[in-house]
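So that the names make sense, note that chain A is the first sequence line, chain B the second, and so on, each numbered from 1.
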Amino acid sequence: MEYNFSEIEKKWQRFWAEKKSFKAEIDHNKPKFYVLDMFPYPSGAGLHVGHPLGYIASDIYSRYKRQKGFNVLHPMGYDAYGLPAEQYAIQTGKHPEKTTGENILRYREQMDKIGFSYDWDREVKTCDPFYYKWTQWTFIQLFNSWYNKKTNKAENIDLLIREFVTNGNKNIDAACDETETFTADEWNQMSENQQQKILMNFRLAYLSDTYVNWCPGLGTVPANDEVREGFSIRGGFPVERKLMRQWSLRITAYSQRLLDGLDKIDWSDSIKEIQRNWIGRSNGALINFPIEKESANKDYIKVFTTRADTIFGATFIVLAPEHELVDKLTIAENKEQISAYIKKAKNRSERERMAEVNTITGVFTGSYAINPISHEKMPIWIADYVLYGYGTGAIMAVPAHDSRDYLFAGHFNVPIREVVSGGDISKESYDAKEGILINSGFINGMNVEDANNAVIDKVEDLGIGTRKVNYRLRDAIFSRQRYWGEPFPVYYKDGMPYVLDESDLPLELPEIDSYLPTTNGEPPLAGAKEWKTKDGYQIETSTMPGFAGSSAYYLRYMDPWNDSEYFSKEANNYWRNVDLYIGGSEHATGHLIYSRFWNKFLFDIGLCCEDEPYKKLINQGMIQGRSSIAYMIKGNNKFVSYNLKNDYDTIPVHVDINMVENDILDIDAFKKWHSDYKNASFVLEEGKYICGVEIEKMSKSLHNVQNPDELIEKYGADTLRLYEMFLGPLEQSKPWNTLGIEGVFRFIKKLWRLYHDDNNKFFVSDDEPTKKELKVLHKTIKKVQEDIERFSFNTVVSALMICVNELSELKCNKRIILNDLAILLSSYAPHIAEELWQLSGHKECLSYTSFPKFREEYIKENTITYPVSFNGKMRFKIELAVDLSNQEIEKAVLTTQDAQKWLEGKDPKKVIIVPKKIINIVI
RNA sequence: GCCCAGGUGGUGGAAUUGGUAGACACGUUGGACUUAAAAUCCAAUGACCAUUGCGGUCGUGCGGGUUCAAGUCCCGCCCUGGGUACCA
């Protein structure tokens, strides 16, 4: 029989689906193993070859683990809410639910062809009311919770209210917004509205005013990547930052726990480092700087600093343009200049403000503060390099010891005073935390650390500041002015938000006429006719962001069809958390931090039993697109081949990569591709049109999306799976190309021939295998096992190739060898492996067969070939018995002719022998 | 700007703990089989020098350093990719 991959693959895919081979069920007799992929956003371009990269790796691991005796949970679903579907809806009027549904079907169809061992009975979609009921439910729990710093966990808001009723808030230590102290009496006399306002300071899901990108021209809030240089990419309208009342999640309450949790999970150091930096813990102090002004001597500027030791070098104060004291501090004659500056600065994105380190801008308010330690007068400036969202939005600037302050001071001629010795401040600031304090009053002569503590102690004694641990992490803005997201289970009464009753969930999205914001700039849901509770209260018109549905989906997979609870205790206690999570590193500071937070909250309220969701994380690299470029001569419907383009003035045009093979353009296809090019003409080289190449993101708009379908059609899923792994290390980014896929296909065919005779008839022999054959097999078992376990998926393919090459050379067709080979291969190329397994007479499915056991004795050697180096350079090899002592090795080597030649009669200075590795002779 | 990752033949990559650089493939060249093609098989293939043969020198982005030994460790730099809080 010929190797007919399309029939074989269809056959086994049908078999696994019908038999539900990969259905996972709780089984207390087996250890569990949970393998999760980051579920995809189903875009209109379909699944491209970058998606399955991680899915194939996780599938290999899942199949391998099953063969190692684990009960594997391996589910898949869809992150179905998102901007592109909404954008498409705005353009076409087509309901996002419809497009999303179509895209999901396409994704599923594509995934089915790759032969994944998912338990499809657990498929979830975040936009399915059956699923998002629990997203909304979680929001209600967040709303009804506060963070008690004393117990260090989230607690029910009722406990807090009870405390307020009996004792006021004096004993409360909570992660909350600033709240004035009140007594029980005061609390009890407040109106409901006042009480609710105070509770809002404590809730883990709360309303507050935050800045958003506001684009009046579009009447909407564009995402950061929809804005470039202050203008919307779509339409080019100006974008300003505007305060808007929005939901936030108090993730900052969990800063320390998010940081500490990193120590007990098996993630790469780099991604942990990214999260540590993102959380950004710093030890410092809050210090109040009084304002020099007769009328308002009570006012002060609160500053956060990590370098209290440098306070004698603080020569000015800088406020963020958004700072609430800016207005008060601006003297009349500076008003105009300052409001112009603020207007400009506010509309720059934070990224711009941080990135543009060389353009120094700022304005002087005209007011002064007093340094509370040195009692010096300090000018108060406003500059946009100080960010409102970090610390207190105000800094004491120490130009001698902070590079940004240094540049600023240099630019505006503010004095620079050295207070820590060790640098040369005439050239640059000295930022290092080493050195001896000078020019610094009572801390002169101290080192940085002691001085820092001394100043903070003093500040605390004086009652003008406190020691403070600050985190860079900010609360997560949780509202989106969009249609296509989970509705908030919230309604408004007298302007105060209340959550729906849990029995009213799910709250489903209403139909609307237009997906655009309303004419007065409200979110699309404001245009819905019946967006009110049965009592007539207005329901929240924002929707939840993308991370809402993806933050705890791993839990829902454990028990996806439970309608009475999120998931059962039983399921959670068995599956616990994810043992292996595979996905892109671009989620490092988004999904992967929100998800950990969300999970810790569910842990606090007793819902899940593990406080970290993902034990082991692997970040797959991004598959970049390889775009093909044609060069159109300006003002002419004429295209010039790549190597001739320099003779013309050209515009690059992205052409669909499906019309290009080995960089040669199919001109007929190109003409048919787009009506504009129907009559195009071409300047060729050697009769061909050669395209240029660009490596960039794989995206529909760049026409460089490679879908897996065509490759499966041509080579089969097994070859695709092997090839994607063979491309290189999973974690590395790499451009996609199909140049090497032929080699993998040849390997598969060569493997097939091992099990067949010259007439293509299945034939394996029952003879005893030879020593050599056993050695080849066991060498491979060892390598495959070790490499899969360390997630080195690409080298396994090489090992299998070497094995097949060597067995072919030995003309091995022994059943004992080939049976094990089929199992070794089966996690990578499951279809052909199952087929060969069945042809060998096995009745049961290969997927649950045990992985072959490695036996050391088959690969043992009596001799070892040593490379012999002279001064570190390899010169020749020598075969020696394994059990020689170092002295015997040295003697054996030095007496060889080869060694004599390289010694040139001299005595070696030193002979280094690393047993079983290398011999190095120093001359 | 800041944080993270990466840079090895013509190409994808291998070298797991500092120990033979280039495994395994692709491509290319030559050959076998064939009327021919496809498929398959065999051989060569880092660069340079030398060549009848034996050989030799250089070489892992660049510049330094540590070591008997550096792709791997340290210092400085260059380039590419990702993230930078409303893309998912």
Taking for each residue the nucleotide of RNA chain B with the nearest heavy atom, is it Lys749(A) or Asn213(A) whose nucleotide lies nearer the 5' end?
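Taking each residue's closest nucleotide, the earlier one in sequence belongs to Lys749(A).
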On RNA chain B, check which nucleotide each of Lys877(A) and Lys910(A) is closest to and give me the residue with the more 5' one.
Lys877(A)
Go through the side-chain N and O atoms of [X] and [Y] and say whether any donor and acceptor fall under 3.5 Å apart.
{"X": "Tyr385(A)", "Y": "Asp405(A)", "value": "yes"}
{"X": "Thr795(A)", "Y": "Asp787(A)", "value": "yes"}
{"X": "Asn805(A)", "Y": "Lys750(A)", "value": "yes"}
{"X": "Tyr515(A)", "Y": "Gln87(A)", "value": "no"}
{"X": "Glu540(A)", "Y": "Trp247(A)", "value": "yes"}

Can you measure Asn920(A) atom CG to U67(B) atom P for me and round it to whole angstrom units?
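After rounding, the gap between these two atoms is 15 Å.
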Let me know the distance between OH of Tyr723(A) and P of G13(B), rounded to the nearest Å.
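Distance check: Tyr723(A) OH to G13(B) P gives 10 Å.
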Given C3(B), A14(B), G81(B), which nucleotide is nearest the side-chain atoms of Pro729(A)?
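Minimum distance to the Pro729(A) side chain belongs to A14(B).
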Per Trp278(A) side chain, nearest of listed nucleotides G12(B), U16(B), U84(B)
U84(B)
With sequence neighbours excluded, what pairs up with Phe597(A) under the ring pair (Phe, Tyr, Trp, His ring centres under 6.0 Å) test?
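Only Tyr254(A) meet the ring pair (Phe, Tyr, Trp, His ring centres under 6.0 Å) criterion with Phe597(A).
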Using the [atom1] atom as the reference point in each nucleotide, state the distance between [N] and [M] in Å, no decimals.
{"N": "C73(B)", "M": "G18(B)", "atom1": "P", "result": "8 Å"}
{"N": "U20(B)", "M": "G71(B)", "atom1": "C1'", "result": "14 Å"}
{"N": "G65(B)", "M": "A70(B)", "atom1": "P", "result": "13 Å"}
{"N": "G59(B)", "M": "G7(B)", "atom1": "C1'", "result": "16 Å"}
{"N": "A23(B)", "M": "U11(B)", "atom1": "P", "result": "15 Å"}
{"N": "C74(B)", "M": "U67(B)", "atom1": "P", "result": "16 Å"}
{"N": "U60(B)", "M": "G13(B)", "atom1": "C1'", "result": "13 Å"}
{"N": "G81(B)", "M": "U45(B)", "atom1": "C1'", "result": "31 Å"}

Please work out if [X] contacts a base, only the sugar-phosphate, or nothing of the nucleic acid, heavy-atom cut-off 4.0 Å.
{"X": "Pro222(A)", "value": "sugar-phosphate"}
{"X": "Arg472(A)", "value": "base"}
{"X": "Gln246(A)", "value": "base"}
{"X": "Val914(A)", "value": "base"}
{"X": "Phe747(A)", "value": "nothing"}
{"X": "Leu83(A)", "value": "sugar-phosphate"}
{"X": "Leu473(A)", "value": "base"}
{"X": "Ser792(A)", "value": "nothing"}
{"X": "Glu731(A)", "value": "nothing"}
{"X": "Val212(A)", "value": "base"}
{"X": "Asn619(A)", "value": "nothing"}

Checking one value: the base orientation of G82(B), syn if chi is within 90 degrees of 0, otherwise anti.
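Anti, since the glycosidic angle lies more than 90° from 0.
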Strictly below 4.0 Å, heavy-atom distances to any atom of RNA chain B: list the hits from residues 41-49 of chain A, or just say none.
Tyr41(A)
Please report the interatomic distance CZ(Arg404(A)) to CG(Asp402(A)), rounded to the nearest 0.5 Å.
5.0 Å
Can you tell me how far the CE atom of Met801(A) sits from the CG atom of Leu751(A), to the nearest 0.5 Å?
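Interatomic distance, Met801(A) CE to Leu751(A) CG, rounded to 0.5 Å: 11.0 Å.
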Stem finding on RNA chain B, please: runs of three or more consecutive Watson-Crick or G-U wobble pairs, both distances under 3.5 Å, sorted by first number.
B:1-7 with B:78-84, B:10-12 with B:24-26, B:27-32 with B:40-45, B:46-49 with B:55-58, B:61-65 with B:73-77
Relative to each other, are the rings of His51(A) and Tyr55(A) parallel, tilted or perpendicular (30° and 60° limits)?
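Judged by the thresholds at 30° and 60°, the geometry between His51(A) and Tyr55(A) is parallel.
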Distance below 4.0 Å between [X] side-chain N/O and [N] OP1 or OP2:
{"X": "Arg482(A)", "N": "C87(B)", "result": "no"}
{"X": "Arg753(A)", "N": "C41(B)", "result": "yes"}
{"X": "Gln732(A)", "N": "G13(B)", "result": "yes"}
{"X": "Asn794(A)", "N": "A14(B)", "result": "yes"}

Sequence-distant partners of Thr738(A), side-chain contact (heavy atoms from CB on, under 4.5 Å), two or more places apart
Gln706(A), Leu711(A), Trp736(A), Ile741(A)
Got a sec, which residues hit side-chain contact (heavy atoms from CB on, under 4.5 Å) with Gln481(A), two or more places apart in sequence or on another chain?
Val221(A), Met244(A), Gln246(A), Ser479(A), Pro523(A), Ser542(A)
Taking donor-acceptor contacts at under 3.5 Å, does the side chain of Lys783(A) reach the base of U16(B)?
yes
Tell me if the side-chain of Glu273(A) makes a donor-acceptor pair with the base of C3(B), cut-off 3.5 Å, by modelled atom types.
no
According to salt bridge (charged side-chain N to carboxylate O under 4.0 Å, His left out), who are the partners of Glu522(A), at least two apart in sequence or on a separate chain?
none
